[in-house]
Number of protein chains: 2
Amino acid sequence: MDITDRKIVGILADDARASLTDIGAAVDLSPSAVNERIRRLTASGVIRRFTLDVDHRILGFDVLAFVWIALANDADEGEFRSFIASHPAVAECHHVTGAWSYCAKVRMPTLGDIEPFLSELKARRYLARSETVIALSTAAERSVTLPAPDGGKRDRG
Amino acid sequence: MDITDRKIVGILADDARASLTDIGAAVDLSPSAVNERIRRLTASGVIRRFTLDVDHRILGFDVLAFVWIALANDADEGEFRSFIASHPAVAECHHVTGAWSYCAKVRMPTLGDIEPFLSELKARRYLARSETVIALSTAAERSVTLPAPDGGKRDRG
DNA sequence: AATGAAATGGTGTGTAA
DNA sequence: TTACACACCATTTCATT
């Protein structure tokens, strides 16, 4: 995990289809050296997968919301986690500090789809309380966070 | 945007490096037909870009936090938005309903890096109040949200 | 809008340094 | 760990349906 690896991750985060030749030109390495580094970055788990950034609006998911969840006292937390992980509308769900147990980021076609989602959580007895916050617009969105060009941590992974 | 397009998006979301041949086999189309569909999906903006899913822990970003922001009365909202969009630690930032103005998802190397971030927001006079929630663990994470295999909206984009 | 064939160019492997 | 060369395969274009 040196500065060249981070540059490669940055280039691929911008365009995962960049050719080994182009990446090599950007980091002063031959295509095969770049390939070997990408192989190692993938094997070591730094790169989890090559994926897409899509426009969910066009796909019919007009609503983005954050649902704060307080788990019921008698809820099976492991069951809740696997339910939430396999729910198609859930983009993210994190166990968090503070007054709430979990924060789930969900995408729905319409506002009306949120209530059935909450109802299901309640029916399964996961939910004690919840609070839903709707995202009106997005000011920033980045799939990969990297250190600013100069500084940053080294020798990990 | 038919069911085949959605299947292609789903396959690419899982593995953006899947070959046209393999995708074609999965959706019963020739490689060149798949290629043309991907070109159209990209041109129409459904696919915004090909990117990576990375492990930020290994990259040295051990802390994931949600920062709730109430903008100061005299804050220049446009300025705030471009500041937050260009800040390297900010993974997402949404304008939200409810008691707060914005919700920012940030990644930091350590907990100690959060305070300087808040200080900078304050120094720039964007911040009235804020509340920071730390993510302890992640139960779900998906880059792309698609309708469940059967149903879903059609004829968009 | 899809197919199939042909050309291009990128990927991946082997060998050597 | 990288470079270089070569074999292979994927991508892309084009003519056709």
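All chains are named by letter (A, B, ...) in the order of the sequence lines, taking the proteins before the strands, and each is independently numbered beginning at 1.
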Atom-to-atom span, [atom1] of [X] to [atom2] of [N] - whole angstrom:
X: B/I38; N: C/dA1; atom1: CD1; atom2: C1'; result: 15 Å
X: B/L20; N: C/dG10; atom1: CG; atom2: P; result: 15 Å
X: A/R39; N: C/dT13; atom1: CZ; atom2: C1'; result: 12 Å
X: A/D2; N: D/dT2; atom1: CG; atom2: C1'; result: 13 Å
X: A/L41; N: D/dT1; atom1: CG; atom2: P; result: 12 Å
X: A/E36; N: C/dA16; atom1: CD; atom2: P; result: 18 Å

Pair B/T110-B/D113, side-chain donor/acceptor within less than 3.5 Å: yes
Going by atom types alone, do B/R48 and A/S143 pair a side-chain donor with an acceptor below 3.5 Å? no
Are B/R17 and C/dT11 close enough that a side-chain N or O sits under 4.0 Å from OP1 or OP2? no
C/dG12 OP1/OP2 closer than 4.0 Å to side-chain N/O of A/N35: yes
Selection from [options] that lies nearest to any side-chain heavy atom of [X]:
X: B/L29; options: C/dT11, D/dA3, C/dA2; result: C/dA2
X: A/A33; options: D/dT2, C/dA2, D/dT13; result: D/dT2
X: B/S32; options: D/dT1, D/dT12, D/dA3; result: D/dT12

Parallel, tilted or perpendicular, judged at 30° and 60°: which one describes the rings of B/W68 and B/W100? tilted
Using 30° and 60° as the class boundaries, would you call the ring planes of B/F83 and B/Y126 parallel, tilted or perpendicular? tilted
With sugar-phosphate meaning primed atoms plus P, OP1 and OP2, does B/R40 contact a base, only sugar-phosphate, or nothing at under 4.0 Å between heavy atoms?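 The answer is sugar-phosphate, as B/R40 gets under 4.0 Å only of primed atoms, P, OP1 or OP2.
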Contact class for A/S19 vs. all strands (heavy atom < 4.0 Å): base, sugar-phosphate, or nothing? sugar-phosphate
Cation-pi check for B/F50 against A/R17: NZ or CZ below 6.0 Å from the six-membered ring centre and within 45 degrees of the axis, yes or no?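 Yes.
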On DNA chain D, more 5' by nearest nucleotide between B/D22 and A/D28 is A/D28
